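For reference, the structure is listed below as structure tokens.
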Amino acid sequence: MKKFSLLLAATSLMAGCAVPINYHQRDAADPQRYTFPDTRQTVIVSGFIDRSYSGERSTFDGSVSGAGNVELTVAINGSTALRGTLNGNPFSGNFSGNVTGGKWEGHSVTAICTGTRKSRDWTDVKCPVLIDDQQVAELHF
């Protein structure tokens with residue numbers, strides 16, 4: 001009977017230990033300056049990512065389950081030129097995505113992003129930014 005009670009108590013502890021998580025974080029990249037060689041025009045490229053997540057974290061092993069997203073916003077000379085969602089979950093570790101369809105002064109703007117998990121609480125995100133297929137910055141979050 002004692003073994004059964006201990007087993008029942010251990011099972012109850014393991015099964016009922018999930019903590020709800022609602023998470024939002026904004027990370028901004030340092031602005032970068034780029035001068036086009038042909039026109040000598042200088043632009044300042046900046047941006048941020050918003051990570052949001054809703055789910056549960058197990059108090060037993062720290063694992064996380066649920067759903068989330070990562071949204072990228074890129075500004076050129078202070079004006080929003082590109083906004084879109086990256087594929088993957090901000091807590092899964094690795095995610096990536098091409099955000100296309102942006103415009104700045106009639107030119108196309110694209111970002112090619114990758115996120116690589118470095119630790120349980122940190123994912124390194126790099127986003128090269130292209131204007132008309134020419135890389136003008138690499139934003140780091």
Side-chain angles (χ1 to χ4, degrees), residues 2-141:
K2 215 178 216 186
K3 286 182 182 177
F4 178 74
S5 295
L6 285 174
L7 179 62
L8 183 61
T11 304
S12 296
L13 283 174
M14 287 174 35
C17 296
V19 177
I21 299 173
N22 289 306
Y23 171 88
H24 179 262
Q25 178 180 343
R26 176 172 279 185
D27 293 321
D30 290 332
Q32 297 178 24
R33 183 180 305 271
Y34 180 81
T35 302
F36 292 95
D38 52 344
T39 63
R40 308 302 300 158
Q41 180 181 14
T42 299
V43 294
I44 297 174
V45 181
S46 59
F48 58 88
I49 57 172
D50 284 308
R51 303 173 206 227
S52 56
Y53 178 83
S54 183
E56 294 181 337
R57 181 182 299 272
S58 167
T59 56
F60 178 67
D61 65 1
S63 63
V64 175
S65 62
N69 71 348
V70 180
E71 185 173 288
L72 170 72
T73 301
V74 174
I76 299 175
N77 292 340
S79 297
T80 300
L82 180 66
R83 181 174 285 143
T85 301
L86 304 179
N87 298 322
N89 186 317
F91 280 97
S92 69
N94 300 319
F95 54 85
S96 64
N98 293 354
V99 182
T100 60
K103 291 287 183 196
W104 171 75
E105 293 188 3
H107 301 279
S108 66
V109 180
T110 303
I112 304 166
C113 300
T114 56
T116 306
R117 186 164 208 158
K118 298 295 183 177
S119 71
R120 179 177 148 193
D121 298 321
W122 176 50
T123 300
D124 182 38
V125 181
K126 296 178 184 176
C127 296
V129 177
L130 295 82
I131 297 177
D132 289 339
D133 298 322
Q134 179 178 349
Q135 184 172 333
V136 297
E138 182 171 271
L139 301 178
H140 294 260
F141 305 96

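If you're wondering where the values come from, they're calculated on a predicted model, not measured in any experiment.
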Nearest non-hydrogen partners of [X] and [Y], listed with the distance:
X: Pro37; Y: Gln134; result: CD-NE2, 3.9 Å
X: Phe141; Y: Phe48; result: CE2-CA, 3.4 Å
X: Leu82; Y: Thr100; result: CD1-O, 3.7 Å
X: Lys103; Y: Val109; result: C-CG2, 4.0 Å
X: Val129; Y: Val74; result: CG1-CG1, 4.1 Å
X: Ala111; Y: Leu72; result: CB-CD2, 3.5 Å

How far does [atom1] of [X] sit from [atom2] of [Y], to the nearest 0.5 angstrom?
X: Leu86; Y: Asp50; atom1: CG; atom2: CG; result: 11.0 Å
X: Asn77; Y: Thr42; atom1: CG; atom2: OG1; result: 9.0 Å
X: Leu130; Y: Thr110; atom1: CG; atom2: OG1; result: 6.0 Å
X: Thr114; Y: Asn98; atom1: OG1; atom2: CG; result: 10.0 Å

Practice task
Carefully, step by step, assess His140 and Asp30 under the rule side chain to side chain contact (heavy atoms under 4.5 Å, CB included).
Solution key: CA-CA 7 Å; His140 294 260; Asp30 290 332; over 6 Å; no
Exercise for the section: List for me each residue that meets salt bridge (Lys or Arg N to Asp or Glu O under 4.0 Å) alongside Asp132, sequence neighbours excluded, and say none if there are none. Expected result: none
Practice task
Please examine the side chains of Ile76 and His107, heavy atoms only from C-beta on, and report whether any two atoms are closer than 4.5 Å.
Solution key: no
Problem - Donor-acceptor contact present, side-chain Glu138 to main-chain Lys126, <3.5 Å - result: no
Problem - Candidate pair Arg51 and Val125, rule side chain to side chain contact (heavy atoms under 4.5 Å, CB included), full reasoning - result: CA-CA 11 Å; Arg51 303 173 206 227; Val125 181; 3.7 Å; yes
Problem - side chain to side chain contact (heavy atoms under 4.5 Å, CB included) between Ile131 and Phe36, worked out - result: CA-CA 10 Å; Ile131 297 177; Phe36 292 95; 3.9 Å; yes
